[in-house]
Amino acid sequence: MSAPRNPVVADPVVVAAGTTAADAVAAAGLPMTGRSAVVVVRDPRGQLRDLDWTPEQETAVEPVGIDTPDGLAVLRHSTAHVLAQAVQDLFPEAKLGIGPPIENGFYYDFAVDQPFQPADLTKLEKRMQEIIKSGQRFRRRRFRDRDEARGELAAEPFKLELIELKGDGLDSSQVMEVGGGELTSYDNLAADTDKVCWSDLCRGPHLPNTRLIGAFKLMRSAAAYWRGSEKNPQLQRVYGTAWPTRDELKAYLRLLEEAARRDHRKLGADLDLFSFPDEVGSGLPVFHPKGGVLKRTMEDYVRARHVEEGFDYVGTPHISREGLFHTSGHLPYYADGMFPPMQFEGADYYLKAMNCPMHNLIYRSRGRSYRELPMRLFEFGSVYRYEKSGVIHGLTRVRGFTQDDSHSYCTKEQAPAEIKHLLAFVLGLLQDFGITDFFLELSTRDETKPDKFVGSAEDWATATAVLEQCARDTGLELVPDPGGAAFYGPKISVQAKDAIGRTWQMSTIQYDFNQPAGFGLEYQAADGSRQQPIMIHCAKFGSIERFIGVLTEHYAGAFPAWLAPVQVVGIPIRTEHTEYLDGFVAALRAAGVRAQVDAGDDRMQKKIRTAQQQKIPFMVIAGDDDVAAGTVSFRYRDGSQRNGVPAAEAVNHVLDVVNSRANQGPSAAEG
RNA sequence: GCCGCCUUAGCUCAGUCGGCUAGAGCGACGCACUCGUAAUGCGUAGGUCGACGGUUCGAUUCCGUCAGGCGGCUCCA
């Protein structure tokens with residue numbers, strides 16, 4: 001589980017009236033340079049202040065180090081300013097957009113005549129290095145009023161727009177330019193002459209000096225819509241990362257390399273799991289035999305667990321006439337996400353983007369009694385969504401995928417218990433696959449766009465409240481996601497963190513009162529009246545394809561033994577030992593283990609290397625000694641060995657590990 | 001969908017400032033070797049240089065369109 005962020009609160013220091021925060025920090029003997037330098041302070045109202053902030057009366061403030069989350073954000077924000085200064089030095093025509101800190105770094109948007117080239121980034125880095133070394137100071141300056149700001153920023157059309165928009169629906173976590181009750185600018189002053197080198201509309205705060213930027217790197221440039229809307233012009237965004245020290249930058253770059261090494265798109269090809277043939281089309285994966293083992297093993301396990309949890313497995317077609325999707329609300333509200341229709345026999349048929357309409361028809365196929373509820377229908381439904389070409393990404397964003405989708409039909413009163421049941425079920429299922437670190441997100445409708453969501457505000461409020469309560473009851477961290485709901489109802493999603501800390505949206509649980517109404521679903525209550533059920537949509541992994549991608553990255557391709565496409569490879573020391581291993585492997589296969597003998601004419605060292613690269617959990621080696629003694633020798637994926645294990649014991653050992661569905665190992669270090 | 005970059009053998013990549021038979025390593029295949037825990041040696045095959053148009057005496061190379069990929073934006077399971 002994610003630990004809630006609980007920043008260490010430093011002992012406060014007292015800033016005397018009319019003196020700077022820096023004076024107090026220095027007097028307290030706190031570091032002003034180096035990897036733990038204090039770079040800003042937090043005032044009693046919680047607001048971060050520059051070190052040259054001078055309160056009018058004595059104030060106790062909390063020193064904030066550059067190595068804290070807030071301090072890192074200040075460092076990165078200041079680095080963004082240095083980037084912008086460098087850009088305007090080298091490209092004087094560039095107009096400034098916004099430049100906030102982000103996780104691990106920062107970006108700054110610019111309007112330029114020509115998009116930046118990789119060589120431009122190198123030049124910009126060089127110029128930034130010069131600025132940083134020159135030791136410019138950041139100085140806050142308050143504008144008297146908007147007119148003064150407008151006058152000074154006359155040549156910066158985007159900044160002018162921000163001035164006019166100030167405080168008017170801007171996301172303050174992103175737009176650092178304006179905020180609080182005043183309009184301010186930050187001047188960069190040359191170290192020796194105090195000459196103003198560059199200024200930027202900004203609410204701050206900033207580092208006292210560019211020298212505190214220990215290490216940075218420009219990562220890439222890309223286009224981004226001004227203020228995040230595709231109706232607006234695109235600016236050129238430059239991304240960078242910044243750290244207090246070179247070592248931290250290096251560690252971060254190593255993490256990125258590790259992520260690249262785990263990339264499921266690369267591992268999928270290396271391990272022969274799946275591919276994306278151009279001939280089929282973008283975003284449409286095909287699973288090779290080894291990927292097929294993964295997919296089937298996961299599906300078999302998930303199906304069995306569903307049956308244990310009271311779900312009924314059903315099956316529905318991939319296409320339907322359009323009327324069904326009108327009833328469900330998909331064509332009115334979700335048409336952009338669906339492939340265009342096929343026309344034949346005078347009707348339009350659509351590929352399904354969701355399974356719910358089909359399940360509703362199963363529910364409605366006969367009268368239902370309250371005694372049947374909750375009724376839980378589950379299937380691996382193949383759904384197709386028209387994703388814009390630019391968003392397709394490996395297995396995590398595709399156009400055709402398999403949803404492990406269920407719909408629980410229940411009474412309003414049963415809903416909370418059913419949601420809790422589903423939450424516990426999905427969290428358990430994720431843990432069974434070794435995903436143990438997650439938090440929840442509550443996606444609600446966007447109040448400003450009621451036309452994008454079906455149903456009344458009251459119903460939405462009820463549904464949201466039920467979901468929120470169930471989510472809170474888990475004790476997991478709950479993050480709000482305003483506007484993220486599906487058109488038919490709010491949802492809880494489970495965000496899972498993988499082995500290197502990246503988060504993925506996995507399970508979703510959605511409370512839907514709209515489709516039961518649209519389909520006229522009913523059940524007969526105990527008092528004989530006809531009532532409308534509510535339905536709860538639940539995808540456990542979200543998409544089997546995405547989950548395979550996430551698991552591949554989580555395990556870096558070294559899947560747990562129970563999931564590994566090939567679980568055991570037999571490696572004879574010499575060709576004449578092949579027959580012995582054939583017998584051993586046959587015993588394993590008879591017990592359902594995916595085992596094979598490498599009978600090629602490579603040397604055994606080469607076969608070990610090959611099996612190692614294929615990340616096979618068990619290598620079983622046999623030579624003269626083993627044949628004579630009726631034993632085999634294990635080499636595990638981690639390089640550890642267990643030699644001379646009697647054959648029968650060895651079979652049981654493999655079976656134990658596989659059947660335990662352990663997500664660690666195997667290794668000689670265990671059992 | 002938008003912006004930028006990219007596409008040469010199954011994979012990773014050289015190369016052609018427009019010019020005869022486009023190279024390497026790994027992989028595949030063949031032969032020899034029969035070896036105790038991460039690469040034995042030798043040889044063979046494999047490419048209409050993403051597709052289609054245009055410019056040119058001549059295009060894998062230059063230009064355009066399309067497809068696919070990568071990085072972002074927007075969007076999302």
Side-chain angles (χ1 to χ4, degrees), chain A residues 107 109 114-118 120 219-239 260 263 265-266 269-270 272 275-283 334 336-337 353-354 381 383 385-405 443 483-484 486 491 493-494 504-508 510 537 539-547 549-550 571-578 600-614 619-626 633-637 639-644:
Chain A
Y107 67 78
D109 289 343
Q114 296 294 323
F116 296 114
Q117 303 290 313
D120 295 330
M219 307 301 286
R220 59 178 62 94
S221 67
Y225 297 108
W226 168 239
R227 298 185 57 222
S229 168
E230 56 191 327
K231 296 188 184 79
N232 289 339
Q234 285 193 330
L235 305 181
Q236 290 301 311
R237 175 171 298 179
V238 177
Y239 285 92
D263 191 319
R265 295 166 298 183
K266 176 174 167 48
D270 289 351
D272 198 12
S275 60
F276 300 88
D278 291 356
E279 293 84 343
V280 181
S282 182
Y334 195 75
D336 288 350
M354 296 187 194
V383 296
R385 298 185 183 175
Y386 177 67
E387 300 289 352
K388 292 180 192 170
S389 61
V391 308
I392 308 275
H393 184 94
L395 285 178
T396 59
R397 197 73 185 275
V398 292
R399 283 176 169 166
F401 61 98
T402 313
Q403 236 181 358
D404 50 349
D405 200 7
S443 300
K491 73 178 173 195
S493 59
V494 178
W504 304 89
Q505 178 170 333
M506 310 261 45
S507 325
T508 57
Q510 300 171 264
H537 308 241
K540 283 81 209 174
F541 295 151
S543 135
I544 297 292
E545 286 77 3
R546 173 179 288 181
F547 194 59
V550 171
I571 297 176
I573 300 286
R574 279 183 284 116
T575 308
E576 62 198 80
H577 306 125
T578 304
D601 60 359
D602 287 326
R603 297 171 76 208
M604 56 88 63
Q605 288 88 344
K606 179 63 181 296
K607 291 180 182 177
I608 288 170
R609 178 181 151 88
T610 303
Q612 198 79 50
Q613 287 179 326
Q614 289 294 307
M619 281 173 240
V620 173
I621 298 167
D624 289 336
D625 299 346
D626 283 304
S633 296
F634 283 104
R635 181 194 162 98
Y636 301 93
R637 201 156 45 187
S640 61
Q641 299 178 31
R642 255 162 114 199
N643 297 332

Nucleotides 62-69 of chain B: which of its N/O atoms have a protein N/O under 3.5 Å away?
{"from": "B/rG68", "atom 1": "O2'", "to": "A/Asp278", "atom 2": "OD1", "distance (Å)": "2.9"}
{"from": "B/rG69", "atom 1": "OP1", "to": "A/Ser282", "atom 2": "OG", "distance (Å)": "3.2"}
{"from": "B/rG69", "atom 1": "OP2", "to": "A/Ser282", "atom 2": "OG", "distance (Å)": "3.0"}

Assess whether one donor atom and one acceptor atom, taken from the side chain of [X] and the base of [N], lie less than 3.5 Å apart.
{"X": "A/Asn643", "N": "B/rG36", "answer": "no"}
{"X": "A/Arg385", "N": "B/rC76", "answer": "no"}
{"X": "A/Gln234", "N": "B/rC2", "answer": "yes"}
{"X": "A/Gln510", "N": "B/rA77", "answer": "no"}
{"X": "A/Tyr107", "N": "B/rG72", "answer": "no"}

Nearest whole angstrom, please: distance from the [atom2] of [N] to the [atom1] of [X].
{"X": "A/Arg635", "N": "B/rU37", "atom1": "CZ", "atom2": "C1'", "answer": "5 Å"}
{"X": "A/Lys607", "N": "B/rG27", "atom1": "NZ", "atom2": "P", "answer": "14 Å"}
{"X": "A/Arg603", "N": "B/rU34", "atom1": "CZ", "atom2": "P", "answer": "11 Å"}
{"X": "A/Ile571", "N": "B/rA39", "atom1": "CD1", "atom2": "C1'", "answer": "13 Å"}
{"X": "A/Gln505", "N": "B/rC75", "atom1": "CD", "atom2": "P", "answer": "14 Å"}
{"X": "A/Met604", "N": "B/rC35", "atom1": "CE", "atom2": "P", "answer": "11 Å"}
{"X": "A/Phe541", "N": "B/rA77", "atom1": "CZ", "atom2": "C1'", "answer": "13 Å"}
{"X": "A/Leu235", "N": "B/rC2", "atom1": "CG", "atom2": "C1'", "answer": "13 Å"}

Remember a base hit wins even if backbone is also touched, and classify [X] as base, sugar-phosphate or nothing at under 4.0 Å, heavy atoms.
{"X": "A/Asp602", "answer": "nothing"}
{"X": "A/Ala224", "answer": "sugar-phosphate"}
{"X": "A/Ser507", "answer": "nothing"}
{"X": "A/Val398", "answer": "base"}
{"X": "A/Asp405", "answer": "nothing"}
{"X": "A/Asp601", "answer": "base"}
{"X": "A/Phe547", "answer": "nothing"}
{"X": "A/Glu545", "answer": "nothing"}
{"X": "A/Gly484", "answer": "nothing"}
{"X": "A/Gln605", "answer": "sugar-phosphate"}

So if I take every side-chain heavy atom of [X] and compare against [options], which nucleotide ends up nearest?
{"X": "A/Lys388", "options": "B/rU74, B/rG36, B/rA77", "answer": "B/rU74"}
{"X": "A/Ser633", "options": "B/rG36, B/rA38, B/rG72", "answer": "B/rG36"}
{"X": "A/Tyr225", "options": "B/rC76, B/rC35, B/rU74", "answer": "B/rU74"}
{"X": "A/Val391", "options": "B/rC73, B/rG4, B/rA77", "answer": "B/rC73"}

Qualifying residue, where the test is ring-ring contact (aromatic ring centres under 6.0 Å, His included) with A/Phe547 and the options are A/Phe541, A/Phe401, A/Trp504: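 When ring-ring contact (aromatic ring centres under 6.0 Å, His included) is applied between A/Phe547 and each of A/Phe541, A/Phe401, A/Trp504, only A/Phe541 qualifies.
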Please state the [atom1] separation for the pair [N] and [M] - nearest whole angstrom.
{"N": "B/rA51", "M": "B/rU8", "atom1": "C1'", "result": "15 Å"}
{"N": "B/rG36", "M": "B/rG43", "atom1": "C1'", "result": "29 Å"}
{"N": "B/rU16", "M": "B/rC20", "atom1": "P", "result": "13 Å"}
{"N": "B/rG23", "M": "B/rC70", "atom1": "P", "result": "31 Å"}
{"N": "B/rG4", "M": "B/rU40", "atom1": "C1'", "result": "48 Å"}

Where do [X] and [Y] come nearest, in terms of heavy atoms and distance?
{"X": "A/Gly484", "Y": "A/Lys491", "result": "O-CE, 3.7 Å"}
{"X": "A/Ser493", "Y": "A/Thr508", "result": "CB-CG2, 4.0 Å"}
{"X": "A/Asp404", "Y": "A/Ser543", "result": "OD1-N, 4.3 Å"}
{"X": "A/Asp405", "Y": "A/Lys540", "result": "C-NZ, 4.4 Å"}
{"X": "A/Met604", "Y": "A/Ile573", "result": "CE-CD1, 3.4 Å"}
{"X": "A/Gly283", "Y": "A/Val398", "result": "O-CB, 3.2 Å"}

Do any N or O atoms from the side chain of [X] and from the backbone of [Y] form a donor-acceptor pair under 3.5 angstrom?
{"X": "A/Arg642", "Y": "A/Phe634", "answer": "no"}
{"X": "A/Asp263", "Y": "A/Ala260", "answer": "no"}
{"X": "A/Arg385", "Y": "A/Ala353", "answer": "yes"}
{"X": "A/Gln612", "Y": "A/Arg637", "answer": "yes"}

Residues A/Arg574, A/Glu576: salt bridge by 4.0 Å N-O rule: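 Counted as a salt bridge, because a side-chain N and a carboxylate O are separated by less than 4.0 Å.
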Would one find a side-chain N or O of [X] under 4.0 angstrom from OP1 or OP2 of [N]?
{"X": "A/Tyr386", "N": "B/rC75", "result": "no"}
{"X": "A/Arg237", "N": "B/rC3", "result": "no"}
{"X": "A/Arg220", "N": "B/rG71", "result": "no"}
{"X": "A/Lys606", "N": "B/rG27", "result": "yes"}
{"X": "A/His577", "N": "B/rU34", "result": "no"}
{"X": "A/Gln641", "N": "B/rU37", "result": "no"}
{"X": "A/Arg574", "N": "B/rC35", "result": "yes"}

Ring centroids of A/Phe401 and B/rA77 base under 5.5 Å with planes under 30°: yes
Given RNA chain B, 5'-ward residue of the pair A/His393 and A/Gly639, judged by closest heavy atom: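 The residue whose closest nucleotide sits nearer the 5' end is A/Gly639.
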Earlier contact from the 5' end, RNA chain B, for A/Glu576 and A/Gln612: A/Glu576
Identified side-chain contact (heavy atoms from CB on, under 4.5 Å) partner of A/Leu395 from the options A/Arg546, A/Arg265, A/Glu545: A/Glu545
Dot-bracket pairing map - RNA chain B, Watson-Crick plus G-U, both contacts under 3.5 Å, | cross-strand: (((((((..((((.....[...)))).(((((.......))))).....(((((..]....))))))))))))....
Every protein N/O within reach of nucleotides 5-15 of chain B N/O, cut-off under 3.5 Å:
none

Side chain to side chain, A/His577 and A/Ile571, heavy atoms closer than 4.5 Å: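 No; the side chains remain at least 4.5 Å from each other.
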